[in-house]
Protein chains: 2
Amino acid sequence: MENWTMEPQGARREPTMRDVAALAKVSTKTVSRVINDLPGAGPEVVERVRAAAQSLGYRPNLTASSLRRSDRRSATIGVLLEDLSNPFDSALLRAIEDRARQNDVLVLAGSSEDDPDLQRELVTSLATRRVDGMVVMAAGGHQDALQQERERGTPMVLVDRPPLFGGTDSVTTTNRDSSREAVLHLADLGHRRISFLGDRKTLWTSQERYAGYVEGLAHAGLTLREELVRTDLHGTDAAETAAATLFDLDEPPTALFTAQNLVTVGAMRALRARRLQRQVALIGFDDFPLADMLEPGVTVLRQDVPALGRKAAELVFDRIRGDRSAPTHAVVPATLVRRGSGEIPLR
Amino acid sequence: MENWTMEPQGARREPTMRDVAALAKVSTKTVSRVINDLPGAGPEVVERVRAAAQSLGYRPNLTASSLRRSDRRSATIGVLLEDLSNPFDSALLRAIEDRARQNDVLVLAGSSEDDPDLQRELVTSLATRRVDGMVVMAAGGHQDALQQERERGTPMVLVDRPPLFGGTDSVTTTNRDSSREAVLHLADLGHRRISFLGDRKTLWTSQERYAGYVEGLAHAGLTLREELVRTDLHGTDAAETAAATLFDLDEPPTALFTAQNLVTVGAMRALRARRLQRQVALIGFDDFPLADMLEPGVTVLRQDVPALGRKAAELVFDRIRGDRSAPTHAVVPATLVRRGSGEIPLR
DNA sequence: GTGAAAGCGCTAACAC
DNA sequence: GTGTTAGCGCTTTCAC
């Protein structure tokens with residue numbers, strides 16, 4: 001039991017501009033001017049209105065104001081990522097949120113779970129709330145809903161994956177180039193049997209990273225062996241199982257390139273299960289917490305997530321402000337972080 | 001260059017109910033009925049309206065409808081956490097989002113950075129957008145802004161930390177009991193010099209976990225030694241430094257209880273730097289990814305984050321629906337997960 | 001410098 | 001079943 005009586009939640013009527021106007025003995029228009037810091041109100045009136053607003057605990061109703069205002073801004077953007085609980089996604093959201101705050105904008109966040117249908121629903125939900133713009137990590141497969149929304153004129157920036165349609169900004173990482181670099185790094189250490197383990201093939205990032213892998217092999221003069229390639233691995237468990245099968249081969253790989261976060265973790269588990277973590281080289285795409293504390297430390301291609309988010313937010317705010325220049329496709333470089341696992345030479 | 005001309009972003013006028021009404025040759029009220037699946041529209045008219053809406057690409061304006069509707073719902077809740085990029089916070093957000101989606105509600109998310117002033121600003125921002133309710137991880141220090149908002153009647157649930165004021169629901173973890181359990185676990189292994197390393201003292205969770213530590217020592221018949229206690233550690237680096245000083249003592253601890261995520265990581269780094277990770281026992285509050293892959297695996301008290309988020313969301317939706325029963329203070333149990341580091345006996 | 005009237009897109013209340 | 005009128009809280013327009 002508490003000594004404080006339960007306030008009827010949500011029951012009280014919020015004071016309106018009219019209430020303030022009545023108390024200050026001015027018109028609502030004048031209150032509007034004061035609240036929005038617009039000129040055309042005498043200093044004494046301003047004081048009276050401020051006092052009235054203060055004493056009533058008045059707070060403007062942005063929903064009503066944006067309905068009437070000519071710019072129609074809701075001071076809200078939508079951010080649709082794959083899974084807000086994924087560290088990559090949440091770091092991105094945070095970076096976007098920081099930039100949004102600088103613009104006095106709030107963020108409506110959602111997880112599409114890489115499902116185009118769910119993504120369409122979320123886009124509709126955001127549109128229904130008249131967000132000023134959207135930052136979207138496109139779900140794999142078609143992007144019909146995104147394209148349609150974009151064609152209606154909604155400012156939109158795709159992040160992590162580029163649009164399959166025209167006229168839309170995007171911010172991505174050097175997926176292909178960095179992957180090639182990783183493979184070459186492994187080849188330089190003498191490795192000739194380098195495996196690729198990748199996420200779902202429908203994802204553009206997976207495709208790009210695979211392309212970089214193929215290019216890397218070619219540049220190193222190595223032949224691509226299908227039996228060393230495992231794709232469509234969704235989640236840690238699938239990756240672990242797939243990695244395990246690699247070591248049952250007559251000629252198992254001596255190095256692994258894992259093209260995603262969770263895939264890297266799965267592969268690491270498989271290596272550990274066979275006590276191969278100091279024998280087999282490993283480079284993963286995407287950094288993750290504690291990668292440096294493992295033994296050996298995990299060499300990764302680190303994306304600059306804050307830069308990705310910041311850039312995406314800046315682009316969408318530019319568009320919201322009316323920028324109609326040609327679409328930008330920003331590419332943020334990833335960095336090879338050497339921690340040990342990627343520096344294991346061919347024995 | 002792209003072949004698709006840049007759509008004037010945000011320039012197109014959204015079709016309104018009036019447009020649909022005109023095309024379907026009915027009144028706006030009838031369109032409203034059809035769009036909202038309300039009775040009182042003939043099947044043939046429904047069809048005509050649907051077709052008109054479809055062909056115009058009409059989408060209801062929730063902002064306008066919520067302004068006029070008697071329940072005033074925006075179908076949006078605010079979620080204010082400390083840092084959306086923190087794994088604990090983002091897991092919580094995701095759990096809340098899932099429950100929200102089941103109610104066709106979207107989530108406005110923000111990071112308070114544990115700053116009461118920033119939290120106040122965010123609360124105001126949310127209120128200005130007329131969210132239906134809020135789920136808040138209260139910043140340390142005073143909770144004036146939260147209390148004021150609550151007293152205005154806004155449905156609010158505090159998560160992770162309880163309110164310092166009455167009449168408000170909360171969902172927390174068994175901080176004290178679980179901490180005591182951890183200390184007793186260490187004492188059972190023979191440890192007599194057990195250190196406490198904690199986050200900022202202003203945080204309720206830190207205080208509770210410290211209280212549990214003190215209780216645990218008492219139950220085990222051990223004396224509390226101030227020199228083994230380090231508090232106010234914010235972030236990994238501070239924790240690492242503090243942990244290092246412990247091992248410079250004449251009588252260093254043989255076991256550590258680290259009362260937060262990042263503190264645990266910092267302590268681990270300090271242990272590793274001195275190659276003590278297999279000598280000194282360690283139990284941390286909060287689980288974290290890869291804790292099982294370290295050597296030794298890290299024993300932790302794991303919070304049931306999805307349950308915390310789910311419960312918080314359910315409570316806020318109950319209040320939004322008008323539930324005025326006495327405040328609930330739900331407590332979700334944490335679990336001791338034994339992975340090795342906490343099972344190192346006194347040598 | 002200030003206010004009255006109109007209306008943003010929608011729904012409540014009531015009439016027919 | 002369907003439409004009319006009024007009005008949610010605010011800003012626009014324009015008059016004074």
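In this text, all values refer to a predicted model and were calculated from it rather than measured experimentally. Throughout, protein chains are lettered first and strands after them, A, B, ... in sequence-line order, and every chain is numbered starting at 1.
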Next on the checklist: Does anything in residues 54-65 of chain A come within less than 4.0 Å of DNA chain C? Heavy atoms only, and list the residues if so.
Outcome noted: none
Checklist outcome for this item: Numerically ordered, the residues 126-134 of chain A set in heavy-atom contact under 4.0 Å with DNA chain D is none
Checklist entry - Looking at DNA chain D, which of residues 38-50 of chain A put a heavy atom within less than 4.0 Å of it? => result none
Next on the checklist: Run the side-chain contact (heavy atoms from CB on, under 4.5 Å) test against A:A307 and tell me which residues pass, sequence neighbours left out.
Outcome noted: A:D304, A:R310, A:V332
Checklist entry - By side chain to side chain donor-acceptor pair (under 3.5 Å), which residues pair with A:Q148, not counting sequence neighbours? => result A:R120
Next on the checklist: Checking A:N103 now: which residues fulfil side chain to side chain donor-acceptor pair (under 3.5 Å) with it, not counting sequence neighbours?
Outcome noted: A:R321
Checklist entry - Just checking B:R33: base, sugar-phosphate only, or nothing, at a heavy-atom cut-off of under 4.0 Å? => result base
Next on the checklist: Need to verify one output field. Residue with the more 5' nearest nucleotide on DNA chain D, B:T30 or B:R72?
Outcome noted: B:T30
Item to check | Given DNA chain D, 5'-ward residue of the pair B:R69 and A:S66, judged by closest heavy atom | outcome: B:R69
Measure the shortest side-chain to side-chain distance between [X] and [Y] over non-hydrogen atoms and say whether it is less than 4.5 angstrom.
X      : Y      : answer
A:L164 : A:L146 : no
B:V105 : B:I320 : no
B:L126 : A:L106 : yes

Checklist entry - What are the 5'-most and 3'-most nucleotides of DNA chain D lying under 4.0 Å from any heavy atom of chain A? => result D:dG9 to D:dT13
Checklist outcome for this item: The complete set of salt bridge (Lys or Arg N to Asp or Glu O under 4.0 Å) pairs with one or both residues in residues 61-74 of chain B, sequence neighbours excluded, reads B:R69-B:D71
Item to check | Listed once per pair and sorted, the salt bridge (Lys or Arg N to Asp or Glu O under 4.0 Å) pairs that draw on residues 51-67 of chain A, sequence neighbours left out | outcome: A:E14-A:R59, A:R59-B:E149
Checklist entry - How far apart are the closest heavy atoms of A:L23 and A:S55, and which atoms are they? => result CD2-OG, 3.5 Å
Checklist entry - If every non-hydrogen atom of A:S90 is compared with every non-hydrogen atom of B:S90, which pair is closest and at what distance? => result CB-CB, 3.6 Å
Could you list the donor-acceptor pairs under 3.5 angstrom formed between side-chain atoms of residues 33-44 of chain A and any protein atom two or more places apart in sequence or on another chain?
residue: A:N36; atom: ND2; partner: A:S32; partner atom: O; Å: 2.8
residue: A:N36; atom: ND2; partner: A:S32; partner atom: OG; Å: 3.4
residue: A:D37; atom: OD1; partner: A:R50; partner atom: NH2; Å: 3.3

Next on the checklist: For B:Q54, I'd like to know if atom CD has over 12 heavy atoms of other residues, nucleotides or ligands within 6.0 Å.
Outcome noted: no
Next on the checklist: Distance under 4.0 Å to a non-hydrogen atom of chain A counts as contact; along DNA chain C, which nucleotides mark the start and end?
Outcome noted: C:dG1 to C:dG9
Next on the checklist: With side-chain contact (heavy atoms from CB on, under 4.5 Å) as the test, pick out the partner of A:L158 among A:M137, A:Q143, A:R150.
Outcome noted: A:Q143
For residues 75-86 of chain A, please give each side-chain donor-acceptor pair under 3.5 Å, one per line with the distance, not counting sequence neighbours.
residue: A:T76; atom: OG1; partner: A:S74; partner atom: O; Å: 2.9
residue: A:T76; atom: OG1; partner: B:R129; partner atom: NE; Å: 3.2
residue: A:E82; atom: OE1; partner: A:R161; partner atom: NH2; Å: 2.7
residue: A:E82; atom: OE2; partner: A:R200; partner atom: NH2; Å: 3.3
residue: A:D83; atom: OD1; partner: A:S85; partner atom: N; Å: 2.9
residue: A:D83; atom: OD1; partner: A:S85; partner atom: OG; Å: 2.8
residue: A:D83; atom: OD1; partner: B:R94; partner atom: NE; Å: 2.7
residue: A:D83; atom: OD2; partner: A:S85; partner atom: OG; Å: 3.2
residue: A:N86; atom: OD1; partner: A:F88; partner atom: N; Å: 2.8

Checklist entry - To the nearest 0.5 Å, what is the distance between OG1 (B:T128) and CG (B:L122)? => result 11.5 Å
